[in-house]
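Below is one structure, written out as structure tokens; the observations come after it.
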Amino acid sequence: MPDRAPQPVDRQLPTDEARDLISLVRDIAQREIAPKAAEEEDAGHFPREVLTLLSESGLLGLPYDSEYGGGDQPYEVYLQVLEELAAARLTVGLGVSVHTLACHALANYGTKEQQVEHLPDMLGGGLLGAYCLSEPSSGSDAASLRTKAVRDGEDWVITGTKAWITHGGVADFYTVLARTGGEGARGITAFLVPGDAEGLSAALPEKKMGMKGSPTAQVHFDGVRIPDDRRIGDEGQGFAIALSALDSGRLGIAACAIGVAQAALDEAVAYATGRQQFGRPIADFQGLRFMLADMATQIEAGRALYLAAARLRDAGRPFAKQAAMAKLHCTDTAMKVTTDAVQVLGGYGYTADFPAERFMREAKVLQIVEGTNQIQRMVIARHLAGPESR
């Protein structure tokens, strides 16, 4: 079959700087990420060296203030960078999204002194972050978390277990939500915990369907002592901080989902135009042509949706509903498009010789992380019809 290289996505970018940035990301993706993605995912290799390169290239702090080492880029641009990275390898794209999520609390709610002390290393100093909200018994019902932080003089002592933590065990810092007060959302506070803190440990990574190169693990806090100057925001403000971070994080997941879907479409088009049956390419058959057309249309619609939400965020307008819509639509699209890509490739699509099956396995988790798609529907419905009656 002839080798048909995918055409780069034709992006609408606001500045020449943004266009140069996308060119840089594509170059790194093509040289350093995509060629090794299949082999390293199969081996379960975590690409820390790639994330270090991205940090050195200024790509781990894009939406944050340049005063602290960030890139001063709008979300409209940052999300398209994520999409390019996720198309090359989801472990990398999602890793950047999670790191950005982990920086959100300090960048938006920390004191000036905290930001000066910690943000430069977090945004451009080679450090890697993780976000600790979920627990073994509190996933979608995050406000019922049980990890406790108890004040002891000028310190806090954190005890409990977090679950499903991306970068668990390899992160240099953890943004941790812990209970400092009574039950419910108002009793939760945010903390910045160093990865080498005494009493902090991680379980063995989960054995997952996909994204085997991205460690997902429980993180245990066994009397972890940290000073009060690592508390982020006010006591009891943690859940509001967490929700604010998740609104932005959902856009990151949406962009990653479209990246995976685009990669799957590119693979399907290359195969369909090269595979000969009945004396002509299978892309000549109307059934397949229509399938490819539907895949491309769903991807473009998802991209437009996450960018519309990003532009609201960049303008300082409410965007929570649109973020939930983008996360819902884009991740459902990724699951549908990757499944269809496997179908286009037929038996070859079900083998590890082609990346379509990996894309399909990876797409599934995006319907689950940072709020399942059932939760997204609840969020959207609340914006439309108000809270559920009790």
Which atom pairs, one a donor and one an acceptor, fall under 3.5 Å between side chains of residues 181-203 and the rest of the protein, sequence neighbours left out?
| unit_1 | atom_1 | unit_2 | atom_2 | d |
| --- | --- | --- | --- | --- |
| Thr189 | OG1 | Thr180 | OG1 | 2.6 |
| Thr189 | OG1 | Gly236 | N | 2.9 |

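- For the residue pair Gln73 and Tyr64, no side-chain donor N or O sits within less than 3.5 Å of a side-chain acceptor on the partner.
- Remark: side-chain polar atoms of Arg146 are not paired, donor with acceptor, to backbone N or O of Thr161 under 3.5 angstrom.
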Run the side chain to side chain donor-acceptor pair (under 3.5 Å) test on Thr351 and Glu357 for me, step by step, so that the C-alpha distance in whole Å, both residues' side-chain angles and the decisive distance to 0.1 Å come before the verdict. CA-CA 7 Å; Thr351 72; Glu357 60 84 30; over 6 Å; no

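- In this structure, Arg26 CZ and Ile33 CD1 are separated by 13.5 Å, a value rounded to the nearest 0.5 Å.
- Taking 4.5 Å as the limit, every side-chain heavy atom of Trp156 sits out of range of all side-chain heavy atoms of Pro227.
- The number of heavy-atom neighbours closer than 6.0 Å to CG of Leu384, taken from other residues, nucleotides and ligands shown, is above 12.
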I would like to know whether Ser248 and Leu101 meet side-chain contact (heavy atoms from CB on, under 4.5 Å); could you show each step before the answer? CA-CA 8 Å; Ser248 297; Leu101 179 70; over 6 Å; no

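- Residue pairs meeting the salt bridge (charged side-chain N to carboxylate O under 4.0 Å, His left out) criterion with at least one member in residues 62-72, sequence neighbours excluded: Glu67-Lys112.
- Of the N and O atoms on the side chains of Glu135 and Thr147, at least one donor lies less than 3.5 Å from an acceptor on the other residue.
- Clustering ILVMFWY residues whenever any of their side-chain heavy atoms sit less than 4.5 angstrom apart, transitively, puts Val219 in the very cluster that holds Val224.
- Linking Ile, Leu, Val, Met, Phe, Trp and Tyr residues whenever their side-chain heavy atoms come within less than 4.5 Å places Ile28 and Leu79 in a single cluster.
- Note on Val96: it does not cluster hydrophobically with Tyr68, by side-chain heavy-atom contacts below 4.5 Å among ILVMFWY residues.
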Pairs under 3.5 angstrom only: tabulate donor-acceptor contacts from the side chains of residues 257-265 to other protein residues two or more places apart or in another chain.
| unit_1 | atom_1 | unit_2 | atom_2 | d |
| --- | --- | --- | --- | --- |
| Gln262 | OE1 | Arg303 | NH2 | 3.0 |
| Gln262 | NE2 | Asp266 | OD1 | 3.1 |

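- No side-chain heavy atom of His118 sits less than 4.5 Å from a side-chain heavy atom of Phe173.
- Distance CD/Gln115 to CE/Met122: 9.5 Å, rounded to 0.5 Å.
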Run the side-chain contact (heavy atoms from CB on, under 4.5 Å) test on Glu49 and Leu53 for me, step by step, so that the C-alpha distance in whole Å, both residues' side-chain angles and the decisive distance to 0.1 Å come before the verdict. CA-CA 6 Å; Glu49 67 284 355; Leu53 172 63; over 6 Å; no

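- Ion pairing between a basic and an acidic side chain is recognised when a charged N comes within 4.0 Å of a carboxylate O; Asp228 and Arg231 show such pairing.
- A distance of 5.0 Å separates CZ of Arg225 from CG of Asp155, quoted to the nearest 0.5 Å.
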Please test Val337 against Phe359 for side-chain contact (heavy atoms from CB on, under 4.5 Å), starting from the C-alpha separation and ending with a verdict. CA-CA 9 Å; Val337 167; Phe359 297 148; over 6 Å; no

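- Cation-pi geometry between Arg280 and Phe285 is met: under 6.0 angstrom from the ring centre, within 45 degrees of the axis.
- Within the 4.5 Å cutoff, side-chain heavy atoms of Tyr131 are placed close to those of Leu177.
- With values rounded to the nearest 0.5 angstrom, Asp247 atom CG is found 13.0 Å from Lys321 atom NZ.
- A side-chain N or O of Lys208 and one of Thr216 form a donor-acceptor pair less than 3.5 Å apart.
- Under a 3.5 Å cut-off, the side chain of Thr111 and the backbone N or O of Gln114 do form a donor-acceptor pair.
- Enclosure of atom CZ in Arg151 by more than 12 non-hydrogen atoms of other residues, nucleotides or ligands within 6.0 angstrom is indicated.
- Residues Ile165 and Gln218 fail the side-chain proximity criterion, which asks for heavy atoms closer than 4.5 Å.
- Residues Leu251 and Leu94 do not share a hydrophobic cluster, clusters being chains of Ile/Leu/Val/Met/Phe/Trp/Tyr side chains in contact below 4.5 Å.
- A 4.5 Å side-chain heavy-atom check between Gln80 and Leu307 finds at least one atom pair inside the cut-off.
- Separating the CZ atom in Phe290 from the OG1 atom in Thr297 is a distance of 11.5 Å, to the nearest 0.5 Å.
- Enclosure of atom CZ in Arg317 is not indicated, since only 12 or fewer non-hydrogen atoms of other residues, nucleotides or ligands lie within 6.0 angstrom.
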Could you go through the salt bridge (Lys or Arg N to Asp or Glu O under 4.0 Å) check for Glu83 and Arg11 one step at a time? CA-CA 11 Å; Glu83 185 190 329; Arg11 302 192 179 280; 3.1 Å; yes

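- Remark: the backbone N or O of Leu51 is not paired with any side-chain donor or acceptor of Ser55 at under 3.5 angstrom.
- Between Lys327 and the options Ile380, Asp332, Ile253, a side-chain contact (heavy atoms from CB on, under 4.5 Å) holds for only Ile253.
- Linking Ile, Leu, Val, Met, Phe, Trp and Tyr whenever their side-chain heavy atoms come within less than 4.5 Å puts Val25 and Leu60 in one cluster.
- Of the possible donor and acceptor atoms, none in the side chain of Gln367 sits under 3.5 Å from a partner among the backbone N and O of Met335.
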Determine, step by step, whether His167 and Tyr174 satisfy the ring pair (Phe, Tyr, Trp, His ring centres under 6.0 Å) criterion, reporting the C-alpha distance in whole Å, the side-chain angles of both residues, the deciding distance to 0.1 Å, and the verdict. CA-CA 9 Å; His167 302 156; Tyr174 296 83; 9.4 Å; no

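- The closest side-chain donor-acceptor pair between Asp141 and Ser144 falls under 3.5 angstrom.
- In this structure, a donor-acceptor pair under 3.5 Å is absent between the side chains of Ser244 and Asn108.
- There is a side-chain donor-acceptor pair under 3.5 Å between Thr100 and Tyr78.
- Remark: Gln343 CD to Met295 CE distance equals 10.5 Å, nearest 0.5 Å.
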